[in-house]
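Both backbone and side-chain heavy atoms feed into the values below; hydrogens, waters and symmetry mates do not. Order of listing sets the numbers, starting from 1, for every ligand and every atom in it. All of these numbers come straight from a predicted model, not from anything done at the bench.
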Amino acid sequence: MTEKSAKPQITSTSRRTFLGAGLALGGAAIAGNTARAAQGEDVILEKQAWSQYLGDGVDARPYGHPSEFEKDVVRRDVAWLTADPVSSVNFTPLHELDGIITPNGLCFERHHAGIAEVDPSKHRLMINGLVDKPLVFTMQDLKRFPRRNHVYFLECAANSGMEWRGAQLNGCQFTHGMVHNVMYTGVPLKYLLEEAGVKTNGKWVMPEGADASAMTRSIPMFKALEDCLVAFKMNGEALRPEQGYPLRLVVPGWEGNMWVKWLRRIEVGDEPWHHREETSKYTDLLENGKARRFTWEMDAKSVITNPSPQAPLLHSKGQTVITGVAWSGRGTIERVDVSLDGGKNWRPARIDGPSLDKSIHRFYYDFDWDGSPLLLQSRAMDSTGYVQPTKAELRAVRGTNSIYHNNGIQTWHVMANGEVENVEVS
Ligand SMILES: Nc1nc2c(c(=O)[nH]1)N[C@H]1C(S)=C(S)[C@@H](COP(=O)(O)O)O[C@H]1N2
Ligand SMILES: [Mo]
């Protein structure tokens, strides 16, 4: 590890737009910090209402909800990205989560035509096209096939897309929150294709959604047979309507757009369809005017979730936990490094919790903060040896016209008062 002393240049985001709730951290919250130890002693001696009265009974909450004190832990949208909420996106509150699983009610949502409210008794899955025997399955039919359980991340290819040209959104919820990590239960698509009998010239599949957008994408047959799932459960319970109830396609490690929700049909063909979502969208315009297409795999990426602009440090120095998430569409995360000085020096972080293929990994860096400003970064390396690039490295190859597939290293500027802002270093 070489020590360099040049001070990095910081390009700060404008602080005009404070997004969402939970950000109004005036001086008060931080200034009052030193008084907390003494105040804590008073509170331990006080008798609280909850120890003097009976609580709710087991009949009060047939479906559980978080504590009312957690009411700010919600998905949020960004006003200027939401011309119409039925064709928009909201973001996972990554800075409020820990471990690797995203709770069902906090998984970000991306809809092109709103949330379809599908009656499962009237829902069917058809397999047609280049097959020996076109089939139509009911939900009950699907549940008679052998099923599998897998934890996978889903990342929208547009995640961090607003940051291509510079630091913009103040919070990892907004810069990185188009990702969730869920345990799916479903039937391998391979079994259903085998049941229908794919003809020898069947080289592609086209999943179609039952929502009003009739979302369609072309997926090569090798991927369909390798690990795609037709899923009906998330984290043990039925899919949420937002996530495609009663049936969604799971396309591990590949861009979220291909994970068709409210899945109603899979057509088998001999070539890709070149539909809207794989031509005018989800292609990356390079500097020379050519576009990359079929950029299916999600490259290794990481972000520090705490501290971050929505989650400032509330103490002035001393024992401090830095934590974040890392994932790769090509396998597991082998290693995450953390920098406190904008990428000059790197130290290995500790990966904790399950290390699963194409799943989010949780990392920690525990250190003694001296109270001085920090330029925090994290850098992931996946099981193929691929290392997450800096934003400068990414722009050198891909230019600045892109929206999709921004996996560049994120920088958070932690100020001496504990507040954090989105910046870029050069
Ligand atoms: N039927 C259908 N499937 C869809 C979409 C949609 O609008 N309709 N959006 C896609 C996009 S762009 C993404 S990123 C993911 C988002 O999944 P989520 O809402 O579970 O986060 O679903 C994909 N599948
Ligand atoms: Mo997406």
* Would you kindly specify which portion of E255 sits under 4.0 Å from ligand 1, judged on non-hydrogen atoms: side chain, backbone, both or neither? => neither

Atoms of ligand 1, numbered as shown, that sit under 4.0 Å from any heavy atom of [X]:
X    : result
L154 : 17 (O)
W262 : 1 (N), 2 (C), 8 (N)
E242 : 19 (O)
H111 : 7 (O)
G209 : 1 (N)
D211 : 1 (N), 2 (C), 6 (C), 7 (O), 8 (N)
V260 : 3 (N), 24 (N)

In the structure I gave you, are the side-chain heavy atoms of [X] and [Y] within less than 4.5 Å of one another anywhere?
X    : Y    : answer
M178 : V89  : yes
V325 : R362 : yes
N407 : P389 : yes
M183 : H150 : no
R379 : R335 : no
E267 : N128 : yes

Name the closest protein heavy atom to [atom], giving the residue it belongs to and the distance to 0.1 Å.
atom                    : result
atom 16 (C) of ligand 1 : R110 CB, 3.7 Å
atom 10 (C) of ligand 1 : N257 CA, 3.9 Å
atom 19 (O) of ligand 1 : K261 NZ, 2.5 Å
atom 23 (C) of ligand 1 : G256 O, 3.3 Å
atom 14 (S) of ligand 1 : C156 CB, 3.3 Å
atom 2 (C) of ligand 1  : M215 CB, 3.4 Å
atom 24 (N) of ligand 1 : W259 O, 3.1 Å
atom 21 (O) of ligand 1 : F108 O, 2.6 Å

* **Nearest-0.5 Å distance that lies between atom CD in Q310 and atom CZ in F174** =>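 If I round to the nearest 0.5 Å, the distance is 4.5 Å.
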
Are there more than 12 heavy atoms of other residues, nucleotides or ligands under 6.0 Å from atom [atom1] of [X]?
X    : atom1 : result
R148 : CZ    : no
F222 : CZ    : yes
Q319 : CD    : no

* Of V205, I219, L125, which meets side-chain contact (heavy atoms from CB on, under 4.5 Å) against L249? ->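 Only one option passes, and that is I219.
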
I'd like to know if [X] contacts ligand 1, where contact means a heavy-atom distance under 4.0 Å to any ligand atom.
X    : value
R248 : yes
F91  : no
S213 : yes

* Does NZ or CZ of R350 fall inside the cone over Y365's six-membered ring, less than 6.0 Å from its centre and within 45° of the axis? ->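 No, a cation-pi geometry is absent between R350 and Y365.
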
